[in-house]
Every structure is written in C-alpha cells, then in structure tokens.
2 protein chains.
Amino acid sequence: MGTTQLESVPEPKYWHLKTVLTEALDSEFSVGQVLPNERDLAARFGVARATLRQALEQLELEGRLQRRRGVGTTVAPPRMGVAVDSEQYAWPGAPGDAWQPVDCTSAVPSAAVAGLLGIDRDTRVFTVRRSRVTHGQPVAAELLHIPDASVPELSAIDAPSGAARARAVLRELQRLPIEGREQAVELGSAGAEDARELDRLPGSPVLVVTTRFCAEGRTAAVSVATYRADTCRLTFGASGGVEIHHEPGARAS
Amino acid sequence: MGTTQLESVPEPKYWHLKTVLTEALDSEFSVGQVLPNERDLAARFGVARATLRQALEQLELEGRLQRRRGVGTTVAPPRMGVAVDSEQYAWPGAPGDAWQPVDCTSAVPSAAVAGLLGIDRDTRVFTVRRSRVTHGQPVAAELLHIPDASVPELSAIDAPSGAARARAVLRELQRLPIEGREQAVELGSAGAEDARELDRLPGSPVLVVTTRFCAEGRTAAVSVATYRADTCRLTFGASGGVEIHHEPGARAS
DNA sequence: CAGTGGTCTAGACCACTCT
DNA sequence: GAGTGGTCTAGACCACTGT
C-alpha cells in the first residue's frame, strides 16, 4: 500500500511568498512605487507579520525592495554598476577617482590591518576616511590605512586630522611609484559608523572590498571599503563600467 | 530640570548579543568547536530564542559561525580566499582551471542572459553546469551560457547533455581567440538548485559573479557563478591567491 | 529516538518619519 | 499624532541528523 509521500518537501511559506511577490514586482509594480504596509500585506496573504517580513528581508537582500523605517517599503531600482578597479595603476586620490576625502586621523591599526601592512601592532598609521557618492546617493565608505613610512614628508607635521589633512596625505602618496595591487571581496555587515555614512541601519549587509596597494616592494597602503550590498553591483575589468546587468540572486526553483 | 536623555540610542539586544558573542568567539572558542544549543544560549542571556537567533544569523553572515540543522552551531574557520580572475586570458575549461563540468543542456536562455549575450530571446544556447570544490568543500556553482555561434562545429551533433558533452563544448570554445572579459559581483540568495549543490539551505546568501567573455568582437559566452558568501572571500588580481585576509564585517561601533 | 536548528504564530512595544 | 518598519516575546510544531 503506497504511502505516496505527498509533498515530500513542503515549501516554506516565506519562500512561496517570496516567489509570489517577485512575480508581482515584475508584472504589477514599477520602480519607486510603495507597497502596502507589512500588517496589511501579512493579512492579505494570511500569514503572521514575522513570516511576511522574512520574505521581504530576502527581497531586500536581492535588491528588489527598499525598506525605510517610518516611511514604508518601495520597489528598488536595478542595482547600479560601481567600478571597483577602474584605476588599476593609480593611487587613491588620483585625479578623477570617485572618492571624496572626509577626515584623517593618526592611530594604531587593528591587528588585521597591521598584518596586511606588514607592520607592528603598535606602529601608528594615517587613517583616511573617504566616502563615495553616485547619483546623489552614498554607496560606499572607506578607511584607507597608510603607514608613516609611505608618506615620510608628513610624519612630523601639524594637526593630524581633518579633510584638508586627508587631502595632504593622499597628495603625498602620489609621489610613490605604484607597483600593483590586489583586491578581495567578501560579505559583511555594516558597523555603526559605516551604517550612518551609508544611510542604512547597523548590521545591513555590505560588500567589503579590501585592497592592498604595493610600492617599493612592500605594502604601501591598505583600503577597506564597504559598499551597500542592496544597491551596488561591483564591476571589475569593465572599461565603461555599466555593461553587465541582469537580475541576480534567486534563480527559478 | 534635566531629562538627561539617558540611553539616547538604546542598543538593540541582538546587536549587543552579537558583540558579546563575537568577543567570546575571539577569546574562548576555537575553530570547529560546537556552541551550546540555541535554547540554552537564549536562556543564558535572558532573551527569547528569536532574538538570540537574530544575533547568530548575523554572525553566520559574517562567516564567524556555521549552523547545520539537526547538528548544531559550530565556530567557522576563516574564510578561504578564492581566486576569481586568475585566468584573465583563458576560456573556462582551460587546463588547470578550478571548475569541474557537471552537465550540459541546450535551451533558450533567460531574458537577462540573452541580453548579455546580445541574442534573441528564442535563440538556443548551450548551458554548461559546473561546480567548484576547494579543500573538499563545494564553494561555487556556475551556469555557463554559450551561444551556438561560439561553437559552430557542435551545433548539429548528437546528444546535447551530460558531462562528456559539457567537456566537448568547452573544448570547442578553446579554439576561439579570447579578447577580453568583464566581471561583476553582487549579493544574491541561493535558488533551490544552487543551494543543493552548495550544501546550503535555499535562500542562503551567495556572491553572484557574472562574467562576460568576449571574442571576435562579440560576447562569446556568459558565466553566472554563485559562491557561498559565508565561506568565501573572492580575490582579484592576486598572483598566489591567499594573500589578503582579515576579519570582515562589523567594525567596532 | 532524542536533540538540533528552521519555520511560524499572535501578540506587544519602540523608533522613526511625515504631516 | 498617525502610520511605518524594527525589535522582542513565549510559545508551538516541523525537518533533519545522529545514535
């Protein structure tokens, strides 16, 4: 007698919800449109609000939705392509790069950064904070760590902070002959400071791009940049920058 | 009389929990060690299980923890560096690349892929499925889309599926002179099929790497590869591959 | 089978944004 | 102040892994 194994793999409700919502977004909504609020949506689908939220969270992760506290949930535009390696042989701060210096401090680096720089844990480095804005929207926040040895002319000069100071450090960096660099991309979550700068809540998913700049046979600087994962698609090796685009994430089951 | 604005920004419990757990992981746990189960942990911290889970989810996102249903939560090893552009001027399937062909089918592409390939929505393409394994662990699943025009010798031959077929298509592709390629990285969530192949649950976060291969002035192939975001750090421009490493994600508040 | 993480519920209150 | 998303609770049951 066959126990026919009905529904051998019952699909979770939130997963099914996500599918339904994705189709609705594709066919019935346009970019910028606001969705009904979470309580109404949950009622409409006959699920608890927490379950509905689980679906919305994934859609936000995939860049389909944008949620803002006190405002509502809107349909997100397609992710923007952000060139990450357009200046293969240029220092940060070279003319025309997409970053804007914000501040500069001098302090001992974290153990991780010290390791990348190949210096002792208690050697001071310049830390330049920069931000990257595209289409009027903040897309990334960066901490650029530069050992004193890379900018010897500056090691003993005046006030070691402020945007002007940041520009001075970057200007000094240009004098070194750049030899190469390597990058890594991984998933992270925004810390409090980055979150504020990116206009997101702490813990939001970010793409962390770590870049090691090489000159004179050693590591001359290390950049740790956090990009908003919801709105950005990082491009590598593209000339123009905005060539690849397609819907990411969940492929049909 | 001063309403002194105590706790002007009360930190969410799960955020504080995450901080505490992170410190505990750094100091008191070693890789592979299993944590107490979620109910016990929640009780120990005096929070609901859902709240504890919110903290664990973020730590898993950051690659600090690994959770497996029916087994438990363990301390994850540092993310492995995975070279994504080591073969800048080689086709997929060239000797020594890290991928293993699994299958090959012939079908019409999705609208997104058709757009990247610059072909009509109803033109059939070869779709080669490949998987990438590092240190005995699956790290990525790929769909490689190749228009018939890129492998003209094969367009009218026998059974269009199977791993042998996949190898034949890749072999044929090598004959084209490769001209360049561009890549993009974005966040996505694993579909059912990729999830199975990556040994994760559907919806798990993945890094989607889209690559456009150019030859003879057009797009000769498009690859969409999904990497496990929890275990992988994608490296670009590195010679060896395993040079950059540091703790990602949440920077101190 | 016992124990684990995964899903789901029906509430409650809070922080924020707009009007 | 009204309405939104964000956090949190205390339960329940399910799916999976091991023994």
Side-chain angles (χ1 to χ4, degrees), chain A residues 5-19 21 33-61 65-76 189-190 192 195-196 199-205 230, chain B residues 5-19 21 33-61 65-76 189-190 192 195-196 199-205 230:
Chain A
Q5 185 103 352
L6 293 172
E7 303 271 344
S8 70
V9 183
E11 204 170 48
K13 280 191 185 178
Y14 79 91
W15 185 263
H16 180 244
L17 256 184
K18 199 183 95 170
T19 307
L21 286 170
Q33 195 170 350
V34 308
L35 271 61
N37 72 56
E38 296 183 349
R39 291 161 179 87
D40 286 353
L41 272 180
R44 183 176 311 185
F45 287 109
V47 299
R49 190 178 156 219
T51 305
L52 187 267
R53 276 179 63 81
Q54 204 171 344
L56 294 186
E57 260 149 43
Q58 284 219 6
L59 289 172
E60 191 178 30
L61 199 80
L65 293 180
Q66 194 161 344
R67 299 192 289 173
R68 276 187 305 163
R69 170 157 49 176
V71 179
T73 302
T74 59
V75 181
S189 53
R196 203 177 334 110
D199 191 26
R200 299 255 60 195
L201 289 177
S204 309
D230 56 341
Chain B
Q5 186 101 355
L6 294 171
E7 305 271 342
S8 70
V9 183
E11 203 171 49
K13 281 190 185 179
Y14 80 91
W15 186 262
H16 180 244
L17 256 184
K18 200 185 92 169
T19 307
L21 286 170
Q33 194 170 351
V34 308
L35 271 61
N37 72 55
E38 297 182 349
R39 291 161 180 87
D40 285 353
L41 272 180
R44 181 176 314 186
F45 287 110
V47 300
R49 188 175 159 222
T51 305
L52 185 267
R53 278 179 61 81
Q54 205 170 343
L56 295 185
E57 259 149 44
Q58 285 218 7
L59 289 172
E60 191 178 30
L61 200 80
L65 293 180
Q66 195 162 345
R67 299 192 286 172
R68 276 187 306 164
R69 171 158 48 179
V71 178
T73 302
T74 59
V75 181
S189 54
R196 204 176 334 109
D199 191 25
R200 299 256 58 196
L201 288 178
S204 308
D230 56 341

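Just so it is clear: chains get the letters A, B, ... in the order the sequence lines come, proteins before strands, and each one is counted from 1.
Closest approach of B:Trp15 to A:Ala190, counting heavy atoms only: CH2-O, 3.5 Å. When all heavy atoms are compared, the tightest approach of B:Leu41 to B:Pro36 is CD1-O, 3.6 Å. The minimum heavy-atom distance between A:Ser189 and B:Gln58, with the atom names listed, is OG-OE1, 3.7 Å. The minimum heavy-atom distance linking A:Glu60 with A:Asp230 is given by the pair O-CB, 4.0 Å.
We find that NZ of A:Lys13 is positioned 9 Å from C1' of C:dT9, with the value rounded to whole Å. If you measure from atom CG of A:Leu56 to atom P of D:dT7, you get 14 Å, rounded to the nearest angstrom. Between the C1' atom of C:dT7 and the CD atom of B:Glu57 lies a distance of 11 Å, rounded to the nearest Å. The interatomic distance linking B:Gln54 (CD) with C:dG6 (P) rounds to 14 Å, in whole Å. B:Arg67 places its CZ atom 12 Å from the C1' atom of C:dT7, with the value rounded to the nearest Å. When rounded to the nearest whole Å, the span between OH of A:Tyr14 and P of C:dC8 equals 7 Å. C:dT4 atom P lies 10 Å from atom CD of B:Glu38, rounded to whole Å. Rounded to whole angstrom, the span from the CG atom of A:Leu17 across to the P atom of C:dT7 amounts to 13 Å.
The structure places CG of B:Leu65 at 5.0 Å from CG of B:Leu59, a figure rounded to the nearest 0.5 Å. Considering CD of A:Glu11 and CG of A:Leu17, their distance stands at 10.0 Å, rounded to 0.5 Å.
Side chain of B:Leu201, nearest nucleotide from D:dT9, C:dG6, D:dT7: C:dG6. Nearest nucleotide to the side chain of B:Thr73, out of C:dC8, D:dT9, C:dG5: C:dG5. Nearest nucleotide to the side chain of A:Thr51, out of D:dT9, D:dG6, C:dT9: C:dT9.
Between A:Pro12 and A:Arg39, the residue whose closest nucleotide on DNA chain C is further toward the 5' end is A:Pro12.
Side-chain atoms of B:Arg68 stay outside donor-acceptor range of the base of D:dG18, with no qualifying N/O pair under 3.5 Å.
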Listing time: all N or O pairs from protein to nucleotides 1-3 of chain D that are below 3.5 Å?
from  : atom 1 : to      : atom 2 : distance (Å)
D:dG3 : N2     : A:Gly70 : O      : 3.3

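Residues satisfying the side-chain contact (heavy atoms from CB on, under 4.5 Å) criterion with A:Glu38, sequence neighbours excluded, are A:Arg49, A:Leu52, A:Arg53, A:Leu56, A:Arg67.
Using a 4.0 Å heavy-atom cutoff across all strands shown, B:Arg53 reaches at least one base atom of the nucleic acid.
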